[in-house]
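Note that these values count all heavy atoms, side chains included, but never hydrogens, waters or copies made by symmetry. In this text, all values refer to a predicted model and were calculated from it rather than measured experimentally.
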Amino acid sequence: LMKFFSFFLVIYSILSFSAEANHWERMQERTEVPDPTGISHVQEHAISAYDSGNLKGAFEWFTKWAVEHDNPYGQFRLANMYFDGLGIVKDRKQAVKWFLESAKQGYRKSQDRLALMYLKGQGVSQDFSSAAKWFKKAAEASAEIKVTDVKIRNDAQISLAILYRDGRGVEQSDVMAFQWFRKAADQGDAFAQASVGEMYEAGRGTKQNAEEAYKWYRMAADQGDSVAQRHLARLYREGIGVSKNESEADKWSRLAEEGE
């Protein structure tokens, strides 16, 4: 009797396991529910642990996400934890390693962060050439760019423009500096707009044009950029690119002071 009962349990277990497996496969087909041991499961645990303040647990899950799934966002988050010392001892070299792994897969935020680390010599020897390389990758336009990535792209374009303007890591070129400032300015960045205005006024990288300088200063000033507001006040006071107007000059000087 006991042998029969044991045999019955074995058969029952096999059938139950088979039924569960078939049920799970059917559920995947019907709802496309991912395998709970897969990337969605890891992502959910990593973000949940981080948001709840369990940084050590988050670090372990982000490591799994980055290493086992080779996921660029997981690698970016892991790099940030190493960079800031969250859930693990701060380690800038490890941060560089994981920003690099993510950047190589085209993740824009990692490209920008990696460029900054080369620029500042954080966790790696200062290298303006490598900084320029990664800023350029992050700065390049993409028709599929997400709205949340626009600022990252603008910052990278501006950083690259400054490197060209100052000749650090790349051959000095006012023309290239102007082009990269203009790309960010066309997307509404106030700092870039003010920089374009400065280059038009000085005739650096483009033909000198006081009227264009005024136009770009005005766009940046309307966004509250105090440097552009001071430039605008000076143009009004001296009648450069616009008719003299002491009242407007005083207005923009006052706004610049209030914004600083």
Side-chain angles (χ1 to χ4, degrees), residues 108-109 111-113 115-120 128 131-142 145-260:
R108 195 180 301 274
K109 291 181 181 179
Q111 292 170 342
D112 186 63
R113 289 295 299 276
L116 283 171
M117 294 188 79
Y118 273 116
L119 184 68
K120 298 178 180 180
F128 293 126
K133 167 189 170 182
W134 287 106
F135 275 135
K136 186 174 182 180
K137 288 183 180 294
E140 288 172 344
S142 170
I145 188 172
K146 297 178 182 178
V147 174
T148 53
D149 282 349
V150 170
K151 187 179 186 307
I152 296 295
R153 183 175 66 186
N154 289 355
D155 288 347
Q157 290 171 340
I158 291 167
S159 297
L160 188 58
I162 292 171
L163 290 179
Y164 273 113
R165 184 194 66 190
D166 299 342
R168 293 192 297 172
V170 291
E171 184 178 349
Q172 197 282 331
S173 173
D174 286 341
V175 172
M176 292 300 296
F178 177 80
Q179 288 179 7
W180 284 109
F181 276 134
R182 180 62 187 265
K183 287 179 184 292
D186 285 340
Q187 295 168 78
D189 187 274
F191 178 89
Q193 290 170 343
S195 298
V196 168
E198 290 171 343
M199 297 195 82
Y200 267 121
E201 186 175 8
R204 293 187 61 180
T206 189
K207 187 177 179 179
Q208 191 173 34
N209 189 321
E211 288 76 18
E212 281 292 309
Y214 168 81
K215 182 184 83 173
W216 288 99
Y217 287 148
R218 181 58 187 261
M219 282 191 277
D222 284 340
Q223 292 196 65
D225 187 276
S226 59
V227 171
Q229 290 169 342
R230 289 195 179 281
H231 281 314
L232 205 56
R234 175 175 52 79
L235 295 189
Y236 272 117
R237 206 172 303 282
E238 299 177 12
I240 300 174
V242 66
S243 299
K244 281 188 177 183
N245 190 320
E246 289 295 329
S247 177
E248 283 292 304
D250 291 340
K251 180 187 84 171
W252 288 107
S253 289
R254 183 175 63 256
L255 288 172
E257 290 173 3
E258 291 173 355
E260 292 178 344

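At a threshold of 4.0 Å, the pair R165-E198 does not count as salt-bridged, since none of the basic side-chain nitrogens sits closer than that to a carboxylate oxygen. We find that R254 and E257 are not joined by a salt bridge, their nearest charged nitrogen and carboxylate oxygen being 4.0 Å or further apart.
Taking each heavy atom of Q111 and W134 in turn, the nearest pair found is O-CB, 3.6 Å. Residues E140 and R153 approach most closely at O-CD, 3.9 Å, considering heavy atoms. Of all heavy-atom pairs between A132 and G169, the closest is CB-O, 4.3 Å. Between A138 and A156, the shortest heavy-atom contact is CB-CB, 3.7 Å. Counting all heavy atoms, side chain and backbone alike, Y118 lies closest to A131 at CB-N, 3.8 Å. Taking all atoms of both residues into account, the shortest heavy-atom contact from A220 to A228 is CB-CB, 3.5 Å.
Residue Q223 is tested with Q193, Q229, R218 for a side-chain hydrogen bond (donor to acceptor under 3.5 Å, both in side chains); the sole match is Q193. When the options R182, Q179, Q187, K183 are evaluated for a side-chain hydrogen bond (donor to acceptor under 3.5 Å, both in side chains) with Q157, the one that passes is Q187.
A distance of 6.0 Å or more separates the ring centres of Y164 and F178.
Here the straight-line distance linking atom CG of D225 with atom CG of L232 works out to 11.0 Å at 0.5 Å rounding. For the atom pair CG (N209) and CE (M199), the distance works out to 14.0 Å, reported to the nearest 0.5 Å. Going from atom OG of S159 over to atom CG of N154 covers 10.5 Å, rounded to the nearest 0.5 Å. With values rounded to the nearest 0.5 angstrom, K109 atom NZ is found 6.0 Å from I152 atom CD1.
Side chains of L163 and L119 form a contact here, defined as non-hydrogen atoms less than 4.5 Å apart. At least one side-chain heavy atom of E201 sits under 4.5 Å from a side-chain heavy atom of R234. For the pair W180 and I158, the minimum side-chain heavy-atom distance is 4.5 Å or more.
Contacts of R237 classified as salt bridge (Lys or Arg N to Asp or Glu O under 4.0 Å), with partners at least two apart in sequence or in another chain: E246, D250. The ring-ring contact (aromatic ring centres under 6.0 Å, His included) search around Y217 returns H231, not counting sequence neighbours. Partners of Y214 by ring-ring contact (aromatic ring centres under 6.0 Å, His included), not counting sequence neighbours, listed by chain and number: Y236.
Crowding of K251 atom NZ: a count of heavy atoms from other residues, nucleotides or ligands under 6.0 Å exceeding 12.
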Begin with the C-alpha distance, continue with both residues' side-chain angles, and end with the deciding distance and a verdict on side chain to side chain contact (heavy atoms under 4.5 Å, CB included) for D155 and F135.
-> CA-CA 9 Å; D155 288 347; F135 275 135; over 6 Å; no
